Amino acid sequence: QMQLVESGGGTVQAGGSLRLACKATGRDISAYAVAWFRQVPGREREFVAAIMWSNYVTYYADSVKGRFTISRDKASTTASLEMNSLKPEDTAVYYCAADTLGRAFRDRVPYAATYNDWGQGTQVTVSS
């Protein structure tokens, strides 16, 4: 089981930018797919973006398309989420998740149950 650690969260004004990073503790990331989800209290975890680890194909929620960019480094150490034009409704705890079992086929990418390894989350707060 990979232990994932997120970093880069913080507080930013609306319209600003943040870059989140996800790393595996003590090893390279080895996964079929890595995704970002977010959650606010009282609501279910929401899909944000995902990247297929071998071919770099990406998927985005409609709410972040054109503003967020998910990427990975060639060395397989880091998955990143570049967030631009942030809105107050982007405020949430952001989680990194990995599919190491090969379950992330196209129609299953946006579902939290597809991913078996999760980080502890990092808080993103966007003030108006």
Side-chain angles (χ1 to χ4, degrees):
Q1 183 178 8
M2 281 195 307
Q3 295 202 346
L4 302 174
V5 179
E6 303 94 338
S7 63
T11 300
V12 65
Q13 287 191 331
S17 299
L18 282 174
R19 184 179 181 91
L20 305 183
C22 173
K23 294 190 176 187
T25 303
R27 53 173 285 183
D28 294 342
I29 293 177
S30 176
Y32 290 92
V34 174
W36 288 92
F37 285 77
R38 64 189 182 186
Q39 190 169 24
V40 297
R43 297 180 63 177
E44 290 193 0
R45 202 161 287 191
E46 176 191 22
F47 172 74
V48 176
I51 185 166
M52 301 297 107
W53 210 243
S54 62
N55 62 13
Y56 295 66
V57 172
T58 57
Y59 300 85
Y60 295 93
D62 288 343
S63 59
V64 306
K65 207 170 290 184
R67 300 188 298 123
F68 291 12
T69 303
I70 189 170
S71 63
R72 56 156 287 187
D73 65 335
K74 291 183 180 179
S76 294
T77 62
T78 306
S80 299
L81 185 69
E82 181 75 28
M83 305 186 295
N84 298 314
S85 302
L86 283 161
K87 305 174 181 180
E89 51 263 43
D90 294 318
T91 295
V93 177
Y94 282 70
Y95 296 91
C96 175
D99 165 33
T100 63
L101 301 177
R103 300 184 294 196
F105 294 101
R106 277 180 301 180
D107 59 341
R108 299 176 68 176
V109 166
Y111 296 99
T114 298
Y115 304 88
N116 54 294
D117 287 337
W118 290 81
Q120 294 300 306
T122 185
Q123 177 70 46
V124 171
T125 302
V126 184
S127 60
S128 58

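Only heavy atoms go into these numbers, but all of them, side chains included; no hydrogens, no water, no symmetry mates. All values derive from a computational prediction rather than experimental measurement.
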*Output every pair passing ring pair (Phe, Tyr, Trp, His ring centres under 6.0 Å) with a member in residues 64-113, not counting sequence neighbours, ordered by first then second residue.*
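Matches after skipping sequence neighbours: none remain.
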Do [X] and [Y] make a side-chain contact, defined as non-hydrogen atoms from C-beta onward lying under 4.5 Å apart?
X: Cys96; Y: Val34; value: yes
X: Tyr59; Y: Pro110; value: no
X: Leu20; Y: Val124; value: yes
X: Glu89; Y: Val126; value: no
X: Met52; Y: Val109; value: yes

Can you measure from [atom1] ([X]) to [atom2] ([Y]) and round to the nearest 0.5 angstrom?
X: Asp28; Y: Lys23; atom1: CG; atom2: NZ; answer: 10.5 Å
X: Ser80; Y: Arg19; atom1: OG; atom2: CZ; answer: 4.0 Å
X: Tyr32; Y: Thr114; atom1: OH; atom2: OG1; answer: 14.0 Å
X: Cys22; Y: Glu6; atom1: SG; atom2: CD; answer: 5.5 Å
X: Thr11; Y: Leu18; atom1: OG1; atom2: CG; answer: 8.5 Å
X: Tyr60; Y: Leu81; atom1: OH; atom2: CG; answer: 7.5 Å

*Report the residues that fulfil salt bridge (charged side-chain N to carboxylate O under 4.0 Å, His left out) with Arg108, sequence neighbours left out, ordered by chain and then residue number.*
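Salt bridge (charged side-chain N to carboxylate O under 4.0 Å, His left out) check on Arg108 returns nothing, list empty.
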*Test salt bridge (charged side-chain N to carboxylate O under 4.0 Å, His left out) applied to Arg67 - qualifying residues, sequence neighbours left out*: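 Checked Arg67 against salt bridge (charged side-chain N to carboxylate O under 4.0 Å, His left out); matches are Asp90.
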*For Gln123, does the CD atom have more than 12 heavy-atom neighbours from other residues, nucleotides or ligands under 6.0 Å away?*
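Yes - once you tally the heavy atoms of other residues, nucleotides and ligands closer than 6.0 Å, there are more than 12.
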*May I ask you to decide if Val48's main-chain N or O and Arg38's side chain share a donor-acceptor pair within less than 3.5 Å?*
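Absent.
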*Ignoring hydrogens and geometry, is there a side-chain-to-backbone donor-acceptor pair from Asp117 to Ala98 under 3.5 Å?*
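No; judged by distance alone, with no hydrogens or angles, the pair does not exist.
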Ignoring hydrogens, what is the shortest heavy-atom contact between [X] and [Y]? Give both atom names and the distance.
X: Trp53; Y: Ser76; value: NE1-OG, 3.5 Å
X: Ala14; Y: Ser128; value: CB-CA, 4.4 Å
X: Ser17; Y: Asn84; value: OG-OD1, 2.8 Å
X: Ser30; Y: Thr100; value: O-CG2, 3.5 Å
X: Thr58; Y: Ile70; value: CG2-CG2, 3.6 Å
X: Glu46; Y: Ser63; value: OE2-OG, 4.0 Å

Single-linkage hydrophobic cluster [X]~[Y], side-chain heavy atoms < 4.5 angstrom:
X: Met2; Y: Ile51; answer: yes
X: Met83; Y: Val93; answer: no
X: Tyr115; Y: Val57; answer: yes

*If the plane angle is over 60° it's perpendicular, under 30° parallel, otherwise tilted; pick one for Phe37 and Trp118.*
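Geometry flag for Trp118 against Phe37: tilted rings.
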